[in-house]
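Taking it in order: structure first as structure tokens, then the write-up.
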Amino acid sequence: MQRYSGFGLAKHALSHHENWQRQWRNPTPKKRYDVIVIGGGGHGLATAYYLAKNHGITNVAVLEKGWLGGGNTARNTTIVRSNYLWDESARLYDHSLDLWKGLSQDLNYNVMFSQRGVMNLGHTLQDMRDIQRRVHANRLNGVDSEVILADQIKEIVPIIDTSKSARYPILGASWQKTAGVARHDAVAWGYARAADALGVDILQNTEVTGFKIRDGQVYGVHTNRGDIESKTIGCVTAGNSGVVAKMAGLKLPLESHPLQALVSEPLKPVLDTVVMSNHVHGYISQSDKGDLVIGAGINGYLGYGQRGSYTTVEHTLQAIVEMFPIFSRVRMNRQWGGIVDTCADACPILSKTKVKGLFFNCGWGTGGFKATPGSGHVFAASLAKGEMHPIAAPFSIDRFNTGALVDEHGAAGVAH
Amino acid sequence: MFYIHCPYCDEYRDEEEFAPKGQAHIARPEDPETCSDEEWGAYLFFRDNPRGIHHELWVHAIGCRKFFNITRNSASYAILETYRMGEQPRFSAEHPEGEPAEHGAAVNVVDEAGRVAGQEGVKA
Amino acid sequence: MSQSNQPNRLRQGGRIERARTLDFTFNGKRYQGHAGDTLASALLANGVDVVNRSFKYSRPRGIVAAGAEEPNALVQLGSTEAAQVPNVRATQQALFEGLTAQSTNGWPNVQRDVMSLVGKLGGRFMPPGFYYKTFMAPASMWMTYEKVIRKGAGLGRSPMENDPDSYDHLNQHCDLLVVGAGPAGLAAALTAARAGARVILCDEQEEMGGSLLASRELLDDQPAAQWAERVIDELAENDKVTLLPRTTANGYHDHHFVTLHERRTEHLGETAPRVDGYRSSRSRMHRVRAGQVLLATGAHERPLVYGNNDVPGNLVAGAVSTYIRRYGVVPGNKLVLSVSNDHAYRAALDWDEAGREVVAIVDARRQPDGELVEQARARGIRIIEGSAVLEAKGDKRVDGARVAAIDTAAFRVTGQAEVLECDTIASSGGYSPVIHLASHTGARPTWDDTLLGFVPSLVKGVHAAGSARGVHDLAEGLADGASKASEALAALGKSASAIEPPRADVIREGQACALYQVPHEKPTLRAPKQFVDMQNDVTAAAVELATREGFESIEHVKRYTALGFGTDQGKLGNINGMAIAARCLGRSIPEVGTTVFRPNYTPVTFGAIVGRHCRDLFDPERYTALHQWHVEQGAEFEDVGQWKRPWYFPRKVNGKLETMAEAVARESLAVRTGVGILDASTLGKIDIQGPDAREFLGRVYTNKWAKLAPGRVRYGLMCKDDGMLMDDGTTSCLGENHFLMTTTTGGAAGVMEWLELWHQTEWPELQVYFTSVTDHWATMTVTGPEARKLLSEITDIDLDKEQFKFMDWRNGKVADVPARVFRISFTGELAYEINVQANYALHVWKTLFEHGKKYDLTPYGTETMHVLRAEKGLIIAGQDTDGSVTPEDLGMFWAVGYDKPFQWIGKRALTRPDTARKDRKQFVGLRPVDPTVVLEEGAHIVVDKDQPIPMDMLGHVTSSYYSPNLKSGFALAVIKGGRDRMGETLHVPMPDGQAHEVEVVSPVFIDPKGERQHV
Amino acid sequence: MSDITYGQVATFNTHPEAAIPSESPLSVAFNQISVSTPAPAVNHASGVRLEEKAFLGHLILRGGAIVLDEAVRKVLGISLPGQPLGLALDESGERSVQWLSPDEWLLIVPGGEEFEVEQRLRDALGDAHYAIVDASGGQTLVSLEGEKARELLMKSTNYDVHPSNFPVGKAVSVVFAKSSLILRRPAEDRYELVLRRSFADYLYRWILDAGAEYGIGVQR
């Protein structure tokens, strides 16, 4: 792998950038792999990378039906935080946050992880109870988190309206200083480049059309580029997981919904942290390019169309302008949608299935991007060992039968 | 922003008046006590989640407050039909072009008897 | 009418009002223009070349286009802080008196920009994706690097003061929405209007008419604009037609829901002017539901991609014609036109007619032969065939064009270059239909090899006409508009015969050739910068580099280079970029991908999307019938859902307002020792009638209802089928077949829908009706030891404790008003809930206070209510429960009907392995060992306070207060295996490292036998 | 005693015999608790005129159409609107019945009549399965007139209020601003809005704001 560095960049500049290498190969599929990862988004590529790096399993294929990183990895609002309520999810997301901290160096690819802090606002007394509950739990779990009140919020974000006359005045917030944002595309590309360098075959435009299953054991897939065999297959297909599961005769406890986001025109820096409000429902940060990146709500109907309802955008901007009245004259540039696979408890599925050798990593709902390194890391370990990693174990499909849900939205209210 | 034909109000109304309530035709098991944990889990949580034709339960929340079903393509968002509780769809994954009317009852004819029937004697 | 100060203004022509001169300021300098100008045309008239600096390299930039596709001329508008608008496209901003604008980038100013040095020197160190490849070491420095990078971010700036303007919405419905009032759109609208259809016609420009306003062609032997005026007049007369100029269709949503953004006042001033004391909304969003939609959105001309094609003085050819013919402005003196098609020859003809010099037309085709080519030849204009402009010369303004023969197929320069002296280079590489709206619907456009452009794919009900689908000829476009409109109406079952279009000359045009990037003698990576996307400084070299690095999908190329991510969404650059990527990859354009557009077509003010749903009207405030009294008494309010509920009633004591703690202590003591009163009207109330009402209750509640007699009340728990508590409340038996259910305040709407869901989908055979009566009844809770005495003074109901027991209800009069009185208690004290028709509530309430004076009747709010109920161990659903709590977890076995015949909702789930666990979190009380301690709600409970982090948490404090009655803090909590831990001492660690010691106790702190409520 | 038990159902006359002051849901606004200025008066330039018809009797009828139709005709002399979204008025225009859903109708009668009407309906309905619920305290009726009334509605609801879709004799429950209400067209030149009590103040403030452009006046 060609190492990236400031010095290298200068050297390439002198040769008019004519000597840059491909960041990943465009290989032809082999007949057989030790592990197949279906889905070339952030989670799938991270899974492949950690399989190769941590477990020495390099005979791995990542099958991507379109272009890598083209699903929710390319469509999210890039927030990274780990202040989840329940022990199980806090462990998972905090593990991820730890990996984020050294990710650029690990991958030799600047994913621009910017720890500018994330605050979740509370507007009612019950909001504040929930926030306190979450922050207390975070602290005892070793997750960075604190409660701040309106004055402190105003100090960190001077342009926010904390006046008492607001319809839902801001009472306080939970504040995770070490949380932040990252450059979404770079995460996929960085993992792809690093995995490729370790020998992983990234097969784009390769769509799985069916599974080869014999006696309850998976042994390969059919694709538009021919059959590929492997006795260990991890499906990391986010919004399309239900469709993939059906090919294996499985039903999953999730539904795929549209989730929208939008950006303003680029502005000179005016907002340095991430501000989220579940009560008035909107969240916002400003990218390094200057766009205000704004997350909208999820629609309640099934949707694979990568677009949602316009009213959701209206409600989101109403919330944003309520919190930041100065943005009323700023203009919205673009909106888009992703397909989020959501479980009833707003927690993911990292699980074996009834089909031996076939594993699923899905159901991340609105929280997938931040989990990318952690999800890939524990899922790789699970595929390598054939047993779920301890951090992944609570997120089995079986919990929907036993009742052992990890109910994040029931308790914390903040799922993004 | 869907435009939905309410089979009870018998006109198209904006999506803002409606609320989606998940997959249609999920009947509660007749005898819950004899269900295994898996069967009960399936009833509570496991859904078809198809990309394509989907039958879903909606309620005309601001309007007549009636629940009804929609056959909709979850990829194109095209609505193929709406039908009342107790009626069967004409369009399905097996019959994307629709079955002949006599096979399904989802015809939006509003008559006195139909309205009463819509309220009585039906099962999800 | 002096024009001496506008050097590029022609003496005549154009549609501007020459009699109206307008002053404006750009970058601190004053200029003049005319009514009818855009800021761009006025700047060009005044000879202003550099209007901005580029985003990444800080290169000087001028105006390139004349409409929405303009990538460079972004300005910051506004003379005051509150009126600032960032990133306004000068080509779309009408000039008004006093307009004040600044370049978006450039420091200290746009002429001498310090950053341009960085751009010049550092440009080559900033290939696409350079930031992914550096700033990684040391890891701790990234936040510092990022600060520096962020300094260079952004275009314009946000205002720092609140918006003085307002915005509104108008919901519209029509049979046919026509987007674009050019030739095809006008013909379509006229066809539909004459057929009697409801039509909306919108157009983004200041004036309707589109290309007809600057057309050289005649219609019915008159200037085309005159035909447009006649049509618009006819449409304006028709009351089924809504004409919306200055209105951009910015988003196409499902099922023909289109948002039209009407700029109502932006042409009048920087803030909306006041008329008759009323300030109009600055802009208005029309939320249109159309039966059918016809897109007559025209086409955008593609510039050619050549070296230094961004130097001011480089324009697209059509823009040159527009400025000359529509605005009477000729943006230079000596023109070189570089083209791949006939259509663009018009620019040279217009330039020539304006009396300026056409140095040459450089045509990439070997033997151009259309009518316009012949006209140019006939005028003696030099035509250089088989050639193109390789490179512009000049720094802040074009001063020459290097021209050479090229081989477009082989992508190389074949001849010796010649430098033509000129100050303007106009180029045209063909025309891209404006397919944005069609592609918002999710339909992927398809490439047409003859048209050399993407044409829209159309979902059912959407039609395209004219240039928007590649029909560029005027006569054909008019006919196309008319016939597509009649097709659209036919789809609605309405007949409309297409209008007879006006007579137009057919101009024979030769076939265009495919040319996107012009080859250069040097390879692309070494050639002078050839810009593809000017706003984001994306060059042909960047696209090539991206493909070399393995970014092969056009989506990857776009993301890696930022191509098309500007505020223009790549209207000029996307297809050129795709063509370059295709060339580098040796593929065809459609093989590289398609082009996808998302709303908005052009950026839309947040305010316009928000509408009036802000500030006082952001969200409904729900009031009870007693709201006025609460306000007058100085209550503090708590937001509970949308309700405003009194939180506490601070009194002035010794001239000082009580704190909440003081008020709550006083209110709590009053209820325990005297009498207090609560406005409980927000509780949900549902009237249930029917022979199967009782059976229905038995199915949705966990407990039994078979034997509740009329006159009696019972508390019930409602679960979902996963066994988790959903809501609670009391239900009264009003008659054998008649019940009144109450719900929590927040749960009211949800419970109502829940009942209907089960009735309509599962048990339609049950004869029962549910009707919400929440708003009909006002509910006042009179509670405390003196409650009976007080109430007895103003009621005819026999309050004798044997006649009217706890959990009974009675009818009667209270303060002469018919009332239903329920003897239920949420405080543990003697309590009466008085329900009266809401219109009479204030009278009853005030009468209670008249009589209550001697008992010191004390109004209390939600905070005191919470304290009092917590002392009794009564839960609040949603506070003490969170969707993961069963009735058994709460220890409410008495409210679970295990042997009811029907398998009620929630029962089955209770026996699942996890739900049946013995060590689930259970509801208990906590008593801090130190009575002065009030635990923090949400704090967690551990066994070993010295355990290192992560600690094993047993559960958390759900409710915690100071009790003036217990003279101690106390709390409710859920704790793993809590019921088996009674008497144990546990710990509550706090952020300061200390831990509070607590004893696990029963959740009932006061009157465990319930004697007080039974008195 | 003001209540009578009809078979198995308890009815309740909410009105006092004595003259008791009463407050409509709009009193909060009219008394300038939620707004700082008095309601704008009607004048010749008012493009919209708003008037509250407070304290009317509102009854919700549930049941089968055929059964209810007979009773309503007998008691009020109005045919029950059988078609969805129908609104029927008696000759005086003071009493109306509107379709709410296939088994639900809204009866509006002069204030104070509702209890008697309910009793007579119950007498007429006998043993049928039906429900009648008094909702008079929970809602109020507001009329909008004037040449700009329709445009004001267009600002507020996405329902198509064009006369071709919303003729006289139609009534619909619709989204209105961020709340909902019942919208009725009892006459060519008048719209009626039925507001829920707790939302009424918000809706009234919305309407005044939307109407400012048209010089809205409030008839008091």
Side-chain angles (χ1 to χ4, degrees), chain A residues 4 6 9-10 13 16-18 20 22-24 67 70 102 104-105 109-110 114 124-125 129 132-133 136-137 139-142 167-168 185-186 265-270 288-290 305 307 310 314 317-318 321-322 325-336 402-404 407 410-411, chain C residues 85-87 124-125 127 130-136 139 146 149-150 153-155 157-160 162-163 253 442 525-526 545 548-550 553 555-556 559 567 598-599 603-607 609-610 613-614 618-619 639 882-884 912-915 936-940 949-951 953 956:
Chain A
Y4 290 159
L9 186 70
H16 299 270
H17 303 291
E18 284 164 347
W20 288 108
R22 294 181 64 97
Q23 298 196 3
W24 48 81
W67 38 286
S104 294
Q105 290 70 31
Y109 209 94
N110 191 350
S114 170
T124 66
L125 300 178
R129 279 183 211 111
Q132 287 192 159
R133 178 182 175 195
H136 274 286
R139 212 168 34 77
L140 300 186
N141 269 323
R167 174 65 186 87
Y168 295 107
D185 290 329
E265 296 183 302
L267 301 173
K268 297 275 185 282
V270 64
D288 283 348
K289 189 163 171 276
R307 56 184 198 282
Y310 175 68
E314 289 182 311
L317 282 177
Q318 286 157 13
V321 169
E322 188 67 4
I326 64 166
F327 289 156
S328 168
R329 287 172 95 82
V330 169
R331 302 191 298 183
M332 166 181 155
N333 193 20
R334 213 156 37 88
Q335 68 171 95
W336 65 91
T402 64
D407 199 354
Chain C
V85 186
N87 308 331
R124 60 160 42 175
F125 300 102
F130 73 96
Y131 30 79
Y132 305 134
K133 296 173 176 168
T134 182
F135 304 123
M136 282 177 285
E146 191 188 28
I149 291 175
R150 275 174 86 80
L155 298 171
R157 66 180 184 83
S158 164
M160 296 305 284
N162 290 359
D163 194 342
H253 304 270
L525 291 178
R526 292 172 183 251
L545 186 56
R548 281 179 181 229
E549 289 194 81
S553 151
E555 289 295 337
H556 276 160
R559 286 165 179 274
T567 64
R598 311 260 175 220
V604 177
T605 312
F606 280 10
I609 297 165
V610 171
H613 301 280
C614 58
F618 172 65
D619 204 40
D639 287 308
D882 64 4
S884 67
R912 293 176 303 168
D914 190 74
T915 330
E936 237 178 64
E937 285 172 347
H940 287 256
I949 279 172
M951 296 174 95
M953 289 171 258
H956 74 283

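All chains are named by letter (A, B, ...) in the order of the sequence lines, taking the proteins before the strands, and each is independently numbered beginning at 1.
- Across all their heavy atoms, C:M953 and A:N141 have their closest contact at CE-ND2, 3.3 Å.
- No other option in C:G607, C:S553, C:P950, C:P599 has as many heavy-atom pairs under 4.5 Å with chain A as C:P599.
- Across A:H16, A:R329, A:E265, A:K268, the residue that shares the most heavy-atom pairs under 4.5 angstrom with chain C is A:R329.
- Contact of A:N333 with chain C is made through backbone and side chain together, with heavy-atom distances under 4.5 Å.
- Closest approach of C:A153 to A:P269, counting heavy atoms only: O-CD, 4.1 Å.
- Both the backbone and the side chain of A:V330 come within less than 4.5 Å of a heavy atom in chain C.
- Residue C:H613 touches chain A through both its backbone and its side chain, counting heavy-atom pairs closer than 4.5 Å.
- Two residues are said to be in side-chain contact when any heavy atoms from C-beta on lie closer than 4.5 Å; C:L525 and A:E18 meet this criterion.
- Here the side chains of A:Y4 and C:M136 are in contact, with some heavy-atom distance below 4.5 Å.
- Rounding to the nearest 0.5 Å places CG of A:D288 at 9.5 Å from OH of C:Y131.
- Of all the listed residues (A:R307, A:K289, A:H17, A:M332), the one sharing the greatest number of non-hydrogen pairs under 4.5 Å with chain C is A:M332.
- Considering only residues two or more places apart in sequence or on other chains, A:W67 meets the ring-ring contact (aromatic ring centres under 6.0 Å, His included) condition with C:H556.
- Contact check for A:P266 versus C:T567: side-chain heavy atoms found under the 4.5 Å cut-off.
- Smallest separation of non-hydrogen atoms from A:G403 and C:D914: O-OD2, 3.4 Å.
- The closest donor-acceptor contact from the side chain of C:D639 to the backbone of A:T124 lies at 3.5 Å or more, if one exists at all.
- Heavy atoms only, all atoms of each residue included: C:G550 and A:W24 are closest at O-NE1, 3.7 Å.
- Between chain A and the options C:M951, C:E937, C:M160, the largest number of non-hydrogen pairs under 4.5 Å is found for C:E937.
- Proximity of A:L267 to C:N87: side-chain heavy atoms (C-beta onward) are separated by under 4.5 Å at one or more points.
- When each of A:G70, A:A10, A:A13 is scored by its heavy-atom pairs under 4.5 Å with chain C, the top score falls to A:A13.
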Under the criterion side-chain contact (heavy atoms from CB on, under 4.5 Å), I'd like the reasoning laid out for C:D163 against A:F327: C-alpha separation, chi angles, the key distance, then a yes or no. CA-CA 8 Å; C:D163 194 342; A:F327 289 156; over 6 Å; no
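- Side-chain N or O atoms of C:H940 include one that pairs as donor or acceptor with a backbone N or O of A:R133 at under 3.5 Å.
- You'll find the side chain of A:T402 stays beyond 4.5 Å of the side chain of C:R912, heavy atoms only.
- Both the backbone and the side chain of A:Q335 have a heavy atom closer than 4.5 Å to some heavy atom of chain C.
- Looking at C:L155, the atoms closer than 4.5 Å to chain A (heavy atoms on both sides) sit in the backbone and in the side chain alike.
- The two residues A:S328 and C:T605 make their nearest non-hydrogen contact at O-CG2, 3.1 Å.
- For chain C, the option among A:S114, A:G305, A:G290 with the highest count of heavy-atom pairs below 4.5 Å is A:S114.
- For a residue to count as touching a neighbouring chain, one of its non-hydrogen atoms must lie under 4.5 Å from one of that chain's; by this rule C:H956 touches chain A with the side chain only.
- Nearest approach of A:V321 to C:V610, heavy atoms of both residues: CG2-CG2, 3.8 Å.
- Considering only heavy atoms from C-beta on, A:Q318 comes within 4.5 Å of C:F618 through its side chain.
- Ranked by heavy-atom pairs under 4.5 Å with chain A, the list C:G442, C:P86, C:C614 is led by C:P86.
- Side-chain contact check for C:K133 versus A:W20: some heavy-atom pair is nearer than 4.5 Å.
- Most heavy-atom pairs under 4.5 Å with chain A: of the set C:E555, C:E146, C:R559, C:R157, this distinction falls to C:R559.
- Contact of the A:R167 side chain with the C:D619 side chain is registered, since non-hydrogen atoms from C-beta on lie closer than 4.5 Å.
- For C:E549 and A:R22, the salt-bridge test fails: no basic side-chain N is under 4.0 Å from an acidic carboxylate O.
- Interface remark: of the candidates C:T915, C:V85, C:L545, C:L545 forms the most heavy-atom pairs closer than 4.5 Å to chain A.
- Taken from CZ in C:F135 to CG in A:L9, the straight-line distance is 8.5 Å, to the nearest 0.5 Å.
- At a 4.5 Å heavy-atom cutoff, the contact between C:S158 and chain A is made by backbone and side-chain atoms alike.
- Contacts with chain C were tallied for A:A137, A:G6, A:S104; A:A137 has the most, counting heavy-atom pairs under 4.5 Å.
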